[in-house]
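As the structure is a computational prediction, the values presented were derived from the model and not from experiment. Just so it is clear: chains get the letters A, B, ... in the order the sequence lines come, proteins before strands, and each one is counted from 1. Computed over heavy atoms, backbone and side chain alike; hydrogens, waters and symmetry mates excluded.
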Amino acid sequence: AQKVTQAQTEISVVEKEDVTLDCVYETRDTTYYLFWYKQPPSGELVFLIRRNSFDEQNEISGRYSWNFQKSTSSFNFTITASQVVDSAVYFCAVVIGGGADGLTFGKGTHLIIQP
Amino acid sequence: DSGVTQTPKHLITATGQRVTLRCSPRSGDLSVYWYQQSLDQGLQFLIQYYNGEERAKGNILERFSAQQFPDLHSELNLSSLELGDSALYFCASSVEDLLGAGNTIYFGEGSWLTVV
């Protein structure tokens, strides 16, 4: 079965610092999809990005960037010039091609941005 | 706003009772998923429906059941509730089932269930 590890339980940084959230996944399937979701204090889960296993191109969206490396089974998320509004719990997730197990989430990383 | 609508947003009920959570997927989405988020178990996949039929099953208890109706809305029924069922229940939707390429799963705001 697949597994996602987010080793950082909580990270606290001062506003404007860059911060990287780590995500390591395990799966035996060659076709899989990786996701990042943001859960702000209000509770909803907000979709950030989806990446296919056969597309290792890194992606940048404004202050957000993602580094996908199949060689290390990692899909890390970096926020540049962090802002207080970035404070939230961030979840990494994986789904294998068959989809029978749904999304497998990591435990999440609680990111605190201090003003 | 993801476009996925869940009701009720908050619910408090007693042990042994039965509740129904409702979900309307995004317009055009055929798949509906239910997830449970609790402090000890984290986010867990419960069940998926695709165009009215059960598509995949996760860690859903026998006391729980779900269905998807012809208009594609879905309901999650939780019965014989226990204190440990207190959690945030999410509904999510996507256009296709997970086998489809380019598929993104959008979550609703969740239904907070407290069992007392």
Inset, instruction - Under 4.5 Å heavy-atom distance to chain A, tell me which part of B:Gln37 shows up: side chain, backbone, both or neither. - result: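 B:Gln37 touches chain A through side-chain heavy atoms alone.
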Is there a side-chain contact between [X] and [Y], using heavy atoms and a 4.5 Å cut-off?
X	Y	answer
B:Leu88	A:Gln39	yes
B:Ile105	A:Val95	no
B:Tyr33	A:Leu103	no

Legend entry - Distance-minimising heavy-atom pair for B:Asp40 and A:Lys107: O-NZ, 4.1 Å
Throw together a table of side-chain donor-acceptor distances under 3.5 angstrom for residues 14-24 of chain A, partners on residues two or more places apart or in other chains.
from, atom 1, to, atom 2, distance (Å)
A:Asp18, OD1, A:Ala81, N, 2.8
A:Thr20, OG1, A:Thr78, OG1, 2.8

Inset, instruction - Linking directly or through intermediates, with side-chain heavy atoms under 4.5 Å: list the remaining ILVMFWY members grouped with A:Ile60, chain and number order. - result: none
Legend entry - A:Ile96 with A:Ile49, same ILVMFWY side-chain cluster at under 4.5 Å: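 Looking at the clustering, A:Ile49 is in a separate group from A:Ile96.
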Inset, instruction - Count the heavy atoms belonging to other residues, nucleotides or ligands that lie under 6.0 Å from CD of A:Glu10, then report whether that count exceeds 12. - result: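 Buried by this count: over 12 neighbours within 6.0 Å.
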Legend entry - Neighbour count above 12 (heavy atom, 6.0 Å) for B:Leu39 CG: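 No, because the 6.0 Å sphere around CG of B:Leu39 holds 12 heavy atoms or fewer from other groups.
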